[in-house]
Amino acid sequence: MIIYQVYPRSFQDSNNDGIGDLAGIEQKLSYIKSLGVDAIWISPFFKSPMKDFGYDVSDYRAVDPIFGTMEDFKSLMKRAKALDLGIIVDMVISHTSEEHAWFKQSRAKENNKSDWYLWADPKPDGSPPNNWVSVFGGSAWRWDAERRQYYFHSFFSSQPDLNMHNAEVQAAVLKEMDFWLDMGVSGFRFDACNHIFQDQLLRNNPPREDTSAALHPYGFQLHIYDQARPEMDAFLEKIRKLLDAYGAFSLAEVGGHDALKLMGQYTRPGRLHSAYSFALMQPDSSAPYVRNVITTLEESIRPPGSPCYALSNHDKPRVASRWLNGRDPDQNAKQALALLFAMRGDICLYQGEELGLPQADVPYERLQDPFGKTFWPKFKGRDGCRTPMPWTDAPHGGFSRAEPWLPVDPVHIEMNVDRQDSDKDSILNFARQMILLRKTRPEFSQGGITLLDAPDGVLAFSRMHEGSEIVCLFNMDVKEKSVAPVDVGTVIMSRNMMVDGRTVKLDVSGFCFLQG
């Protein structure tokens, strides 16, 4: 499956309030369809105080007014179905907003919801119950004066974690999924899957030996007890049983210390269909690194489970900048797209990735992300990958007639959809070609993958289906590479590549797909 991720705040603004909305997504469905993707994953549009821009849900069954109404969602669903596009909803079930009715009742010990969240008594000296820290900095425990207890929050303190050990909580979360499945959604992307369960004994996390890369204290611990707990497996089987009743799809976001192996655990038979991690959203684009990611995933995820490859999303710097390494931006972006769509499994394409958009430069005074404000300038937050989609040469890139919630990068406007649509050699049209190639060649869409030996700096693998093989070569270095001997045969697609007898020469950002 090829999934196109839409970040609704930044896709298209239909009512000119500066914030994208569901009606705006519907207006652009024909564009999404033109890419050739199968489904759209929409980041959260549920009712929310927006302290983490929708990933703090206060009502799973309501559309937040900034995104429109439930009627807007139903209209979007109807149009998507007519275009044969699936809609995948982003389910955030490790935590809610502190404004969710469940948390308010739990805080007040009402309606038998006292232990629906992870509450704990202080130590005798009043300090938190253990050493767990938040992903966004500081202690993961917040004192609540009403209950005279601490509650746990993996992320911001306004995002209390649900106590998923409670069977009633699990049942309630499944009912929220059932609501959307009854509405006809194609499935769910599950946010922060490794954060859904914590150790019931609240044991301290051990220290990490190497903390040189740590942005803040979260990176000083091995997160053994506050995430990736074994109880998750049985809960995933409950989710899968519900999904199977509707023929729906599931995709897990998996982070943490050993995410690639955890992806395999979460996609075992009877659990989720697919999973992705942040492994290829790192600065390292070297051939050995990418090869190791593929090797580990092939060892970890076995059919019918499937890896999902993603190079960008709403949380990480865009791949067009992250993997540039001084290379030509257009050629680098095209090579990244070729690599993405040559992988085995499901694919996630983040809005604007098909345009080759670089990471936007958002000045401090325009920052919205509290994570970035806290750790500026060492870490500039997530706003640089969340800026509005550029559609035309109009002000604000045609995203809105009002000043957008985040500024549109002038570089992005130069790369807008209208301009690229009419340029046959654009990154956008290359993305369409790659998606079409993947869909028409079963070696890519259905085949297995085998890593091949290659010179330093070259990533080489083959994709095979029913006796047909395509050899894929990528120059991941910043200088020309040669690969020999190669049975070239038919060149299915290539860029920055030359054949000299049985030698394939790959220039910088060069790649080729060869069939013997």
Side-chain angles (χ1 to χ4, degrees), residues 280 282-298 309 311 319-320 322-345 347 356 424-427 429-516:
L280 293 181
Q282 306 304 318
D284 193 345
S285 62
S286 67
Y289 179 79
V290 178
R291 181 185 178 96
N292 182 64
V293 170
I294 297 171
T295 298
T296 306
L297 284 178
E298 286 301 302
Y309 283 92
L311 300 182
V319 67
R322 187 168 20 88
W323 282 10
L324 186 59
N325 297 324
R327 296 180 287 190
D328 178 82
D330 282 14
Q331 300 306 318
N332 174 61
K334 289 175 180 178
Q335 186 195 56
L337 288 165
L339 175 62
L340 180 64
F341 289 109
M343 294 293 200
R344 183 189 80 81
I347 304 296
K424 65 179 182 180
D425 195 41
S426 68
I427 300 169
N429 282 317
F430 177 80
R432 288 170 171 151
Q433 292 168 22
M434 273 305 312
I435 292 172
L436 180 62
L437 179 65
R438 182 180 180 87
K439 292 195 140 187
T440 54
R441 295 301 301 245
E443 298 93 337
F444 287 127
S445 59
Q446 304 172 47
I449 187 169
T450 300
L451 288 157
L452 305 174
D453 292 335
D456 289 346
V458 175
L459 175 68
F461 56 82
S462 68
R463 299 298 315 277
M464 302 151 292
H465 180 71
E466 295 183 351
S468 179
E469 179 181 26
I470 297 176
V471 173
C472 308
L473 303 175
F474 298 86
N475 179 4
M476 307 299 286
D477 210 330
V478 294
K479 56 187 177 181
E480 182 184 292
K481 295 289 179 178
S482 294
V483 185
V486 178
D487 294 323
V488 176
T490 302
V491 179
I492 297 172
M493 181 180 281
S494 69
R495 291 193 73 87
N496 304 311
M497 168 265 202
M498 185 178 72
V499 177
D500 182 6
R502 297 189 67 198
T503 298
V504 171
K505 295 182 179 179
L506 296 171
D507 206 345
V508 178
S509 299
F511 73 90
C512 60
F513 301 143
L514 310 173
Q515 186 162 38

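Because the structure is a prediction, the values reported are computed rather than measured. One is the number of the first residue; the rest follow in order along the sequence.
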Check whether [X] reaches the backbone of [Y] with its side chain - one donor and one acceptor, N or O, closer than 3.5 Å.
X    : Y    : result
E298 : G448 : no
R344 : G447 : no
N475 : K479 : yes
R291 : L452 : yes
R327 : L324 : yes
K424 : N429 : no
R438 : M343 : yes

Note: L514 and V488 closest approach over all heavy atoms is CB-O, 3.7 Å

When every non-hydrogen atom of A333 is compared with those of G356, the smallest separation belongs to CB-CA, 3.9 Å

* Could you give me the CA-CA distance, side-chain angles and deciding distance for D330 and R495, then say whether salt bridge (charged side-chain N to carboxylate O under 4.0 Å, His left out) is met? => CA-CA 11 Å; D330 282 14; R495 291 193 73 87; over 6 Å; no

Counting only heavy atoms not in K505 (residues, nucleotides, ligands), do more than 12 fall under 6.0 Å from its NZ?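 Result for NZ/K505: open.
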
S509 and D328: side chain donor to acceptor below 3.5 Å:
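On atom types as modelled, these side chains do not qualify, holding no pair under 3.5 Å.
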
| field | Separation between CG of L297 and CG of N292, rounded to the nearest 0.5 Å | value |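 Result: 9.5 Å between the selected atoms.
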
From the list M497, E480, M476, side chain to side chain contact (heavy atoms under 4.5 Å, CB included) partner of L506 resolves to M497

So the salt bridge (Lys or Arg N to Asp or Glu O under 4.0 Å) pairs with at least one residue in residues 482-491 (sequence neighbours excluded) are D487-R502

### Query
Does a salt bridge link K334 with D425, judged by any charged N lying under 4.0 Å from a carboxylate O?
yes

